There are 2 protein chains.
Amino acid sequence: MRTGNVGQPKSGTISAAQNGAETLAEVAYRRLREDIVHNVFTPGQPLRLELLKQRYGLSFSPLREALNRLQMERLVVTAALRGFSVAPVSIEEMWDATETRILIECEALKRSIRNGDDDWEAAIVSTFHALDLQVRRMERRAGELSSDDVAALESRHKEFHHALIAYCGSRRLIDLANQLYTETQRYRLPTLTGENPATSRDIPREHREIMDATLARRSDEAAELLAAHYRKTSELIESSMSGDGAAVA
Amino acid sequence: MRTGNVGQPKSGTISAAQNGAETLAEVAYRRLREDIVHNVFTPGQPLRLELLKQRYGLSFSPLREALNRLQMERLVVTAALRGFSVAPVSIEEMWDATETRILIECEALKRSIRNGDDDWEAAIVSTFHALDLQVRRMERRAGELSSDDVAALESRHKEFHHALIAYCGSRRLIDLANQLYTETQRYRLPTLTGENPATSRDIPREHREIMDATLARRSDEAAELLAAHYRKTSELIESSMSGDGAAVA
DNA sequence: ACATGCGATATTTTCGAAAGCAATACGTCT
DNA sequence: AGACGTATTGCTTTCGAAAATATCGCATGT
């Protein structure tokens, strides 16, 4: 089965769990989520276990465990005895996810503004800066964006938005925000990598305004800006989805 | 394996799935959730698979699938290679669940008030009435409350609160509300079945006021009343938890 | 006595195969 | 020819056992 460290020294009392061991079910979970979010599978596509088994080199059990978890995250749907499929996408679903995300993150942002200390502010400034750098780097050499660049951009973007709400004091709000981030990512990524319709949009500026209002502790304004930021994105995706009938489910 | 309907007629083209077939994983999920919510297992208790296998007469696979789903619902926690445990309870967790529930349900209620039609109003009136009847029935013969009565009360209570938000138009908000209902149920039930400290609380009246404000389409007032209703419950549970150090984790 | 390493046991995790359904293709009957 | 029932096929779901890991007890040495 696991053939990893068979002949290796037992390394004393340090257990694999303490070492950050990862079960195969967790591997399956991460890789499947990654592939679904990045549209490696078509929305609605049945996820045949035989296929997944080959693709990931895993067996039924860990795959099924992962699929069950992803089902609870709305990335996978399942019908009684007919297996799993990639959750379909639709404009309605996108807006439901977006508006729910706004509800959650605006509340979390307001609470963060109440609770945040110096470390919180520092993390916001720092993650904003990293994001900004990456954006400029990619603007400079547009046209030839490597997948590493796109991945880095996604990371910085996620880290910035996480930093804003990190001090809300609610594990649930943070987890929900992360989950909704992942859900909406499915809609954002195709637009991001596809042609950017030279939109009259200055995203770095939007981020800066959110940061400024946040650091100035202007709760309501910051929340309004954050909501507008997300709605604007969804509107652009909506028109790009209905414009060219590309990814409309 | 499944020995259910082996020799039975195939009943034409009607498939099991159309009949509402249920996989064993779903059975495991429902029964485990039921038992965790009703504190059949102690919070924090390890859920040994051998035990569950015996208790439910199921095998590893469906049990593990159910546990993975429950983990995503925060009813079960898991450590790398150390199996599953019942999620611990604490006053902090209860308040996080309560306040998140308030955020979700108040928003859903406001949207329902915007969207609700005659059927919506009818369902609210009807479920309120059913709940009220059950409460009075149980008040009449207090002391000797059967577990059926308690179960019926829980059902009516859930149905009423569901009816309020049913027309919010967001699958996500409804599902989150259901999930948080289940989470908070773990805290409510022990207090409910235990001694009721003859509190100066008129719950039917609180419900009626929420209903009245809702049907009169007074959004903000209805949301305020709903939030106060949930907070009051959590406050009573908190004092009962810290008073007698019973269920404090 | 205390820490450390080793062995035995309990438990989780994973696998491969068997069993059970669903969907389809086929044949039979009217 | 069309409808109905029946095998066939492919997939999901479930099982029981094997492998990997954690945990506990014990001995050994300092």
Side-chain angles (χ1 to χ4, degrees), chain A residues 1-32 45-71 76-86, chain B residues 1-32 45-71 76-86:
Chain A
M1 297 180 170
R2 209 90 67 78
T3 55
N5 48 1
V6 168
Q8 295 180 14
K10 288 285 187 64
S11 65
T13 61
I14 299 176
S15 65
Q18 287 165 347
N19 273 342
E22 205 176 32
T23 63
L24 295 188
E26 280 158 3
V27 175
Y29 172 74
R30 277 194 301 99
R31 295 196 60 188
L32 265 168
Q45 171 185 345
L47 292 168
R48 295 279 144 65
L49 286 172
E50 194 54 46
L51 176 84
L52 303 179
K53 199 172 149 181
Q54 287 190 308
R55 180 175 176 85
Y56 302 114
L58 299 169
S59 184
F60 296 110
S61 319
L63 285 172
R64 288 187 66 85
E65 294 192 16
L67 289 165
N68 273 291
R69 285 157 72 168
L70 290 166
Q71 185 204 350
V76 156
V77 295
T78 176
L81 287 157
R82 252 163 282 186
F84 302 88
S85 315
V86 180
Chain B
M1 294 186 172
R2 208 90 66 80
T3 55
N5 48 359
V6 168
Q8 295 180 14
K10 287 285 186 62
S11 64
T13 62
I14 299 177
S15 66
Q18 287 163 349
N19 272 342
E22 205 177 27
T23 63
L24 295 188
E26 281 158 2
V27 174
Y29 171 75
R30 277 194 301 98
R31 295 195 60 187
L32 264 168
Q45 171 185 345
L47 292 168
R48 294 279 145 66
L49 286 172
E50 194 55 46
L51 177 84
L52 304 179
K53 202 172 147 182
Q54 288 189 308
R55 179 175 177 88
Y56 302 115
L58 298 169
S59 183
F60 296 109
S61 318
L63 285 171
R64 287 187 68 82
E65 293 192 18
L67 289 165
N68 272 291
R69 286 156 73 167
L70 291 165
Q71 185 205 348
V76 155
V77 295
T78 175
L81 287 156
R82 252 163 282 186
F84 301 89
S85 315
V86 179

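By convention in this document, chain letters (A, B, ...) are assigned in the order of the sequence lines, proteins followed by strands, and residues within each chain are numbered from 1. What you are looking at is a predicted structure, and each value in this text was computed from that prediction instead of being measured.
Heavy-atom minimum distance, B/K53 versus B/L58: CG-O, 2.7 Å.
Separating the CG atom of A/N68 from the C1' atom of D/dT12 is a distance of 12 Å, rounded to the nearest angstrom. The interatomic distance linking B/L24 (CG) with C/dC21 (P) rounds to 10 Å, in whole Å. Distance, A/L47 CG to D/dT12 C1': 13 Å, rounded to whole Å. Atom CD of A/E65 is separated from atom C1' of D/dT13 by 14 Å (rounded to the nearest Å). The separation between A/E26 atom CD and D/dA20 atom P is 18 Å, rounded to whole Å. Atom CD of A/Q71 is separated from atom C1' of D/dT12 by 14 Å (rounded to the nearest Å). Between the P atom of C/dT14 and the CG atom of B/L67 lies a distance of 14 Å, rounded to the nearest Å.
The distance from atom CD of B/E26 to atom OG1 of A/T78, rounded to the nearest 0.5 Å, is 7.0 Å. Within the model, atoms CG of B/L47 and CZ of B/F84 stand 9.0 Å from one another, a figure rounded to the nearest 0.5 Å.
A sub-4.0 Å separation between OP1 or OP2 of D/dT23 and a side-chain N or O of B/R82 is present.
Within the cation-pi definition used here (under 6.0 Å to the ring centroid, within 45° of the axis), A/R69 qualifies as a partner of A/Y29.
Less than 4.0 Å separates DNA chain C from at least one heavy atom of each of the following residues of residues 48-64 of chain B: B/R48, B/L49, B/R64.
Between A/L49 and A/R64, some side-chain heavy-atom pair lies under the 4.5 Å cut-off.
For the side-chain contact (heavy atoms from CB on, under 4.5 Å) with A/L32, the lone residue among A/V27, A/V86, A/L67, A/V76 that qualifies is A/L67.
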